[in-house]
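Input: a single structure, listed below in structure tokens.
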Amino acid sequence: MTTTMPRTQTTQRPAPYAHRPRPLALLVPLALLAACTSVPLPPWTPPSAQPAAVAPAPTAPRPAPPVAVQVTPVAPATLPSSPAAQAEAPAPYSAAVAARFPAPSVTYNTPGLQAGRSSFTTQAEIQAWLREQAAAATRTPGIRASVLPIGRSQRGETLEALVLTRAGGTDPALMQAAGKPTVLLVGQQHGDEPAGSEALLVIARELAQGLLQPVLERINVVIVPRGNPDGAAIDQRATSGGLDMNRDHLLLNTPEAQALARLARDYNPTVVVDAHEYTVVGRYLQKFGTVQKFDALFQYATTANLPEFLTKAAEEWYRRPLLVALKGQNLSSEWYYTTSSDLADKKISMGGTQPDTGRNVNGLKNAISLLIETRGVGIGRLHIQRRVHTQVTAITSVLASTAQRANELQQLRPYLDKEVSAQACKEQAIVEAAPTAAQYELLMLDPVTGADKAVSVDWDSALALRTLKARARPCGYWLSAASTVAVDRLRLHGVQVMRVAEQGSMLGDSYRETASTSGERLDVRGAIADGNAIIKVQVSLARGVVDVPRGSYYVPLNQPMANLVMAALEPDTQSSFFANQILQGLQSTVRVMADPTIKLEELN
Ligand SMILES: [Zn+2]
């Protein structure tokens, strides 16, 4: 049961997407998944062997960039005589290793990639670039573009997003009305990971006035090139206050994470890409005597309670074509992995399973949520053209997959939203899960010879979650009237919160503390940079009728964001609002176990 995309073989650069025949949608419902629900599934078509976006590069030698990466060629006169990246970077490994990573045939020319530059694109240059692209885009009839202020960094930099669409306008309602999926692209949440940001400037230009422009016939795109400008300005991972914003996407303590949450709430993206870079030498050299090999590491959302269909779409519609696209550019890839900063701990872990990263939290918002990491942390500007090329190749593949699947994705999203909503009051939900221990043969590089070196590692797989704690899924949560910070954070995520309009009672489970200590939030790298101790509590549940006063709150679980609500409100996890003191006291929260019959009102 496979379908083959009709494809035009050509040695010319094809006009991407717009005029290409659309894949035939095979009406093959997934029997197993469909059996569980009355909501109709979108038709499932397996990915074609050669998706449109990853047509092979022409074999004839040509000076133009390969077709798979849709980049407008720059005039030869403006090309630097040698790749800017190699200018002054002292290689932290041998020439033999460096030779494994030749510069791509494409040369990218963002401000930060100009020859002779020692710094990446500045925040002011990004702002000018986005305005330039918005202006250029709107010269094409039918395209609307805006640069939106989405928030302020801790040091007062304006965070901005470029919105590109063929809808009636760039505000969320008009874009929603156009009935096309929206892709949100986020770069450089970690300030010392520049390639994602530079690549998103390239992508912005190609969408606005280059070879990617035709995808706007089928999708909307929102681009935040740099999520953490303060960190970027000083080549630091964390935000200026020292917080790791990519562990803050559930709690929303940082203005940077708040800005991205607000943007996701308003534009409701179907697909979210988070562009990062990973450590190449550092602790890997100390632990394994190796340098890391892969141009790209990739992972989709892997946290508890994700709809099965979401993961399947991420795998089949996105990851598989992405691997083909990378391979077509001679770029290597692997699942995303990292390792603890503890040098005695040689375990390798895939990206975490906690509901705190952008990758996992956007999955809990029922978006297809994709992490792309290039080989970049700790090597300065070394191989920067190749790193940007890797990001551009991967992101181009994601945009093309979305354009190719636009109709199915438009069906998938309401299906997922209904499926999650329909689970309220039913069966069990996972409160806490962990990755599964496995062994893995991981390829690394010998730091002297540059040869591949296979290392057998203990590997925590995030692809198979172990349930550590499960509970009956409530109908909703009652929150005390004092829980205003928690209510604000939930609403920033787009969660519907109701106010109790008259005094009454609800049947529910209250939490009783059985043990409590203070501790720190951990990820697979070690302690999370968030500056605060957490409350690690153990609880038992006590069923009863609970009196609820007017002015307190009710968060129903029959809503699309139900799984995010559970991640925030079950108190005995390290990511919860209670553990992180956004909610004060266990008595502030009750698991409501029957649909409330008292009068509730919408918050304004
Ligand atoms: Zn990162």
Side-chain angles (χ1 to χ4, degrees), residues 112 120-121 153 159 184-200 223-251 254 256-257 259-260 272-284 292 294-303 333-341 348-363 369-384 387-388 390-392 394-395 398 462 521-530:
F120 292 105
T121 304
S153 74
L159 301 164
L184 170 60
L185 306 171
V186 178
Q188 213 170 359
Q189 291 198 61
H190 291 142
D192 59 347
E193 302 173 10
S197 183
E198 302 294 340
L200 286 178
I223 306 176
V224 181
R226 181 172 285 164
N228 175 10
D230 299 346
I234 53 172
D235 194 28
Q236 163 184 300
R237 174 181 170 90
T239 58
S240 75
L243 275 71
D244 184 340
M245 70 174 286
N246 200 31
R247 302 295 180 273
D248 187 40
H249 288 289
L250 184 61
L251 301 174
T254 59
E256 292 87 354
L260 292 177
V272 181
V273 172
D274 191 9
H276 287 250
E277 297 203 275
Y278 76 93
T279 298
V280 177
V281 186
R283 57 196 190 272
Y284 292 102
Q292 296 315 287
F294 294 101
D295 289 299
L297 304 180
F298 179 84
Q299 188 168 332
Y300 35 74
T302 53
T303 192
S333 64
E334 181 51 274
W335 285 108
Y336 174 63
Y337 64 84
T338 186
T339 189
S340 159
S341 50
I348 299 277
S349 300
M350 289 184 66
T353 60
Q354 299 288 344
D356 54 10
T357 55
R359 174 174 57 84
N360 283 340
V361 170
N362 282 305
S369 183
L370 311 170
L371 169 72
I372 297 166
E373 299 248 0
T374 42
R375 186 181 179 280
V377 172
I379 60 171
R381 295 175 70 87
L382 191 61
H383 309 309
I384 188 64
R387 288 149 60 187
V388 171
T390 304
Q391 291 280 357
V392 169
I395 295 165
V398 170
R521 212 149 57 97
L522 303 173
D523 63 16
V524 292
R525 304 164 84 251
I528 292 173
D530 68 359

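Remember, it's 1-based here, ligands and their atoms both numbered in the order they're listed.
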message: From the N, O or S atoms in Glu193, identify the one nearest to the Zn ion (ligand 1).
response: OE1

message: What is the name of the N/O/S atom of His276 that is nearest to the Zn ion (ligand 1)?
response: ND1

query: Nearest to the Zn ion (ligand 1), which N, O or S atom of His190 do we find?
result: ND1

message: Checking Thr279 against Gln292: is there a side-chain donor and acceptor pair closer than 3.5 Å?
response: no

Ile348 vs Trp335 side-chain heavy atoms within contact, under 4.5 Å: no

- request: Using distance alone, with no hydrogens and no angle criterion, decide if Ser153 and Glu256 have a side-chain donor and acceptor under 3.5 Å apart.
  value: no

query: Just checking, any donor-acceptor pair under 3.5 angstrom between side chains of Thr302 and Arg359?
result: yes

